[in-house]
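Counting starts at 1 for both ligands and their atoms, following the listed order.
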Amino acid sequence: MGDGGQRRRWEYCWVVLNFSLLLCLGEKVSAQIRYSIPEEVKEGSVVGNVAKDLGLDVSTLVERRFRIVSGSKDALFHVNQNNGVLYVHKNIDREVLCDGNNACLINLKFVVENPLEIHYVSVEITDINDHSPVFPEKDQHLEMPENTFPGARFELQTARDVDVGLNSIHSYKLGQNAHFELQLIDSGEGDKIPFFILQKPLDREQNTKHMLLLAALDGGNPPKSGTLNITVTVLDVNDNRPICTQDEYSVTLPENALIGTIVIRVNATDADDGQNGVVEYTLGRTIKRKIHEIFELDHVTGEIQVKGQVDFEENEVYRLNVQASDKGQPPTSVDCRVIIKIGDANDNQPDIDVTSLSNTVSEDSKPGTVISLISVTDKDSGINGKVIGSISEDIPFELKPSFQENVYSIVTKGRLDRELVSHYDITITATDCGQPPLSTFKTLSVQISDVNDNSPEFSPKHIELYLAENNVPGASIFYVSASDKDLNENAAISYHIVREGTQIDMASFLNINSDNGDISALKSFDFEILKTFQFQVVATDSGTPLLSLP
Ligand SMILES: *[C@@H]1O[C@H](CO)[C@@H](O)[C@H](O)[C@H]1NC(C)=O
Ligand SMILES: *[C@@H]1O[C@H](CO)[C@@H](O)[C@H](O)[C@H]1NC(C)=O
């Protein structure tokens with residue numbers, strides 16, 4: 001009690017002495033008593049017996065009008081005048097009452113009258129773990145180019161926990177993942193900022209998005225936590241070249257294909273995104289000009305179309321390089337090889353080539369005499385290109401195959417007779433085996449040359465003539481004429497009269513012009529002496545051998 005009284009006096013003196021100071025400093029005075037209660041305690045909870053602790057006589061409190069005069073802060077506390085106990089009157093939320101991390105103190109000013117005493121009491125509101133860590137937003141989006149180097153750092157949201165001390169943010173935890181590690185860096189203001197550190201290279205073509213969960217934990221017991229959903233979008237880099245879907249595109253195109261026919265479609269794919277993955281097709285620069293005239297490439301679709309005349313006989317196979325490039329900056333590209341084989345159509349007639357020809361053939365040629373060599377060819381290939389030759393049936397010639405394919409000889413088949421047919425037109429037909437077959441004709445003109453195979457002939461062979469007697473000697477009395485079917489020398493006729501040595505040869509009195517057969521008598525005949533006589537005229541041609549007939 002003595003102690004209490006001394007303290008009371010001292011306090012009183014202190015109060016009086018400092019009265020002017022109090023006015024100046026307001027509530028900032030040292031409290032005589034300090035209580036401590038946790039926040040959120042039940043209404044009616046006892047803070048302490050203020051009167052007792054101040055050493056006041058509890059029985060006089062009513063009479064001396066013991067009360068709180070200030071600092072009750074909307075009457076958070078209430079004091080009982082009957083016993084001097086300080087109660088919690090309202091729910092106390094430390095975080096509402098005291099923003100920040102400093103100790104949360106509520107100063108109460110008590111008064112008793114007669115004599116007047118002023119006492120200062122402070123109540124410390126201690127923190128309980130009644131808040132969880134909270135991130136400013138529920139999720140965070142990060143974008144990283146796929147070529148970001150490992151080691152790169154990305155700042156994450158910092159969580160807040162309005163509780164203090166151990167009840168505030170204590171640690172962060174990152175969900176299991178292959179690419180990122182968490183690093184905490186001191187902000188310089190007492191808290192730590194979480195960062196992502198990239199651990200291994202990203203690949204957009206494998207994984208476009210990474211979803212991660214970051215948890216912030218406080219140090220309470222038990223701890224409370226808050227989470228942040230982090231989405232990492234991997235941005236594309238042009239790190240893939242286009243790839244042809246086939247090593248080589250091969251197709252057979254029939255010749256004479258219509259313009260506009262789609263030959264083949266080249267397809268290259270690129271795993272990259274956006275323009276980096278858009279493929280454009282061009283014909284390689286090394287391509288022969290002719291190809292540009294025959295084929296057209298669609299830059300967008302990679303389709304190759306027929307644009308000009310496709311001719312097997314001109315070119316059997318075309319090799320194209322199609323360059324597929326993406327539209328990245330810079331672009332990457334690949335060459336796709338295309339082979340277009342041209343299928344042969346039976347669009348060519350066979351050719352007949354006469355390699356040797358005798359324009360004339362002797363009528364006495366033996367059967368089998370070769371008069372001409374011909375070859376038949378066809379530009380088309382395969383069974384198409386196979387050719388069969390033939391010649392007209394009704395002539396004394398035939399076509400004989402030789403040991404060489406497609407080479408034939410034309411030979412005589414039967415007897416020739418110039419006097420019957422002096423000239424032949426031999427028609428050769430060459431037909432290929434295509435569908436439908438195509439044919440070519442060629443006509444050879446052959447003259448039959450003469451041999452001396454006909455004798456001169458008189459017609460009629462016997463002539464009776466009457467001659468008047470007393471004819472004038474030397475005058476023409478008659479003429480004979482023979483014919484010969486042969487030609488030229490073989491038909492050039494001379495005449496003479498046959499003389500027979502023994503009997504009285506009347507022929508010796510006759511003369512014949514060997515060229516024209518004109519007969520003249522050398523003497524004058526007398527009917528009374530010679531009434532009739534016979535003679536023979538022979539006609540001879542000039543051929544070899546000489547042929548003659550009386
Ligand atoms: C966060 O991610 C979890 C699972 O990863 C999911 O269940 C939840 O809906 C996500 N929350 C938000 C806000 O996206
Ligand atoms: C190209 O090839 C890819 C991969 O094989 C395929 O998915 C796509 O459909 C093809 N495009 C065309 C137009 O055929």
Asker: Which parts of the protein, at residue level, reach under 4.0 Å of ligand 2 through a heavy atom?
Answerer: T245, R265, N267, T269

Asker: Please check: side-chain N/O of E146 versus main-chain N/O of R204, any donor-acceptor pairing under 3.5 Å?
Answerer: yes

Asker: So which of V263, N256, I342, L258 actually passes side-chain contact (heavy atoms from CB on, under 4.5 Å) with V310?
Answerer: I342

Asker: Mind telling me whether F196 and F180 have parallel, tilted or perpendicular rings, with 30° and 60° as the class edges?
Answerer: parallel

Asker: Quick one: does any side-chain atom of S225 pair with a main-chain N or O of P133 as donor and acceptor, under 3.5 Å?
Answerer: no

Asker: Please check this pair: side chain of K209 against backbone of T231, looking for a donor-acceptor N/O pair closer than 3.5 Å.
Answerer: no

Asker: For the pair R160 and D191, evaluate salt bridge (charged side-chain N to carboxylate O under 4.0 Å, His left out) and give the outcome as yes or no after the intermediate values.
Answerer: CA-CA 9 Å; R160 303 280 166 208; D191 53 0; 2.7 Å; yes

